[in-house]
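Data block below; observations after.
The first residue of the sequence shown is numbered 1, and numbering continues consecutively from there.
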Amino acid sequence: MRKVRIQVEGRIQGVGFRFSTKMVADELGVTGVVRNEMDGSVSMEACGEDSAIEQFIQRVKESPSPAGSVSNVQVEDDPSIKERKKFIAN
C-alpha cells in the first residue's frame with residue numbers, strides 16, 4: 001500500500017477538477033481525499049497499490065478535467081496518511 005500527498009497547481013479550480021479526480025480514483029481503486037486550497041491549488045491524499053498510485057499520479061498530471069490545465073505537481077510519500085474507505089472530493 002502506497003500513501004502519497006499530492007499538490008497540484010494550474011487552472012484547476014472551477015473546472016470540475018476535483019470531481020474528475022474522484023472519478024479517476026474510483027476507476028483505479030484509489031482511496032483518499034481531494035480539496036481546493038485558498039491559494040488556488042488543489043491538494044490530495046491518496047492510498048492504493050503502487051501501480052494504481054502511479055497511474056493516478058500520471059492522470060492527475062494530465063488533468064482529469066478536460067477544461068483544466070496542470071502546470072505543477074508535487075508528490076510526497078507519507079506513510080502517516082489515514083486510510084479511507086473511498087475517495088472523497090471536499
Side-chain angles (χ1 to χ4, degrees):
M1 176 73 61
R2 185 171 175 199
K3 300 176 179 182
V4 295
R5 289 189 190 282
I6 304 170
Q7 190 77 20
V8 184
E9 297 173 339
R11 187 167 50 91
I12 50 175
Q13 288 193 13
V15 294
F17 187 87
R18 288 176 301 140
F19 175 76
S20 298
T21 299
K22 180 187 175 0
M23 289 176 48
V24 169
D26 290 346
E27 175 187 324
L28 296 173
V30 171
T31 62
V33 62
V34 59
R35 66 181 69 85
N36 285 339
E37 299 297 343
M38 296 299 292
D39 65 1
S41 68
V42 170
S43 65
M44 53 192 93
E45 297 174 354
C47 302
E49 296 301 321
D50 286 349
S51 61
I53 292 295
E54 283 303 317
Q55 289 178 56
F56 181 73
I57 292 167
Q58 188 58 44
R59 301 265 300 269
V60 166
K61 286 179 177 179
E62 296 167 357
S63 182
S65 168
S69 174
V70 173
S71 61
N72 187 39
V73 177
Q74 295 178 338
V75 179
E76 176 185 340
D77 283 275
D78 184 349
S80 71
I81 291 173
K82 173 181 138 184
E83 288 185 42
R84 300 175 188 270
K85 295 189 185 308
K86 58 185 179 178
F87 197 89
I88 302 164
N90 278 349

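Here the closest heavy-atom approach between residue L28 and residue A52 is recorded as O-CB, 3.6 Å. Taking each heavy atom of V24 and P64 in turn, the nearest pair found is CG2-CB, 3.8 Å. In plain terms, the two heavy atoms of S63 and S69 that are nearest each other are OG-N, 4.0 Å. When all heavy atoms of V4 and I53 are compared, the pair lying nearest together is CG2-CG2, 4.0 Å.
With contacts defined as side-chain heavy-atom distances shorter than 4.5 Å, the pair R2/E54 qualifies. Taking the side chain as every heavy atom from C-beta outward, F17 and N36 never approach each other to under 4.5 Å. Side-chain contact between C47 and R84: absent, with no pair of heavy atoms (C-beta onward) separated by less than 4.5 Å. Annotation: side chain of I57 is in contact with side chain of I6 (closest heavy-atom distance under 4.5 Å).
Within the model, atoms CE of M1 and CG of D50 stand 9.5 Å from one another, a figure rounded to the nearest 0.5 Å. Rounding to the nearest 0.5 Å gives a distance of 11.0 Å between CZ of F87 and CZ of R18. Here the straight-line distance linking atom OG of S71 with atom CD1 of I12 works out to 7.5 Å at 0.5 Å rounding. In this structure, NZ on K86 lies 9.5 Å from CG on D26, to the nearest 0.5 angstrom.
In the hydrophobic clustering of ILVMFWY residues, with side-chain heavy atoms under 4.5 Å counting as a link, V30 and I88 come out apart.
K3 places a side-chain N or O within donor-acceptor distance of the main-chain N or O of I81, the cut-off being under 3.5 Å. Proximity of a side-chain donor or acceptor of E9 to a complementary backbone N or O of V73 within less than 3.5 Å is not detected. The backbone N or O of D39 lies less than 3.5 Å from no partner atom in the side chain of Q13, so there is not a single donor-acceptor pair.
Tested against M44 for a side chain to side chain contact (heavy atoms under 4.5 Å, CB included), the candidates V33, N90, V34, V75 yield a single pass: V34.
By the 4.0 Å N-to-carboxylate-O rule, E45 lies too far from K82 to be salt-bridged with it.
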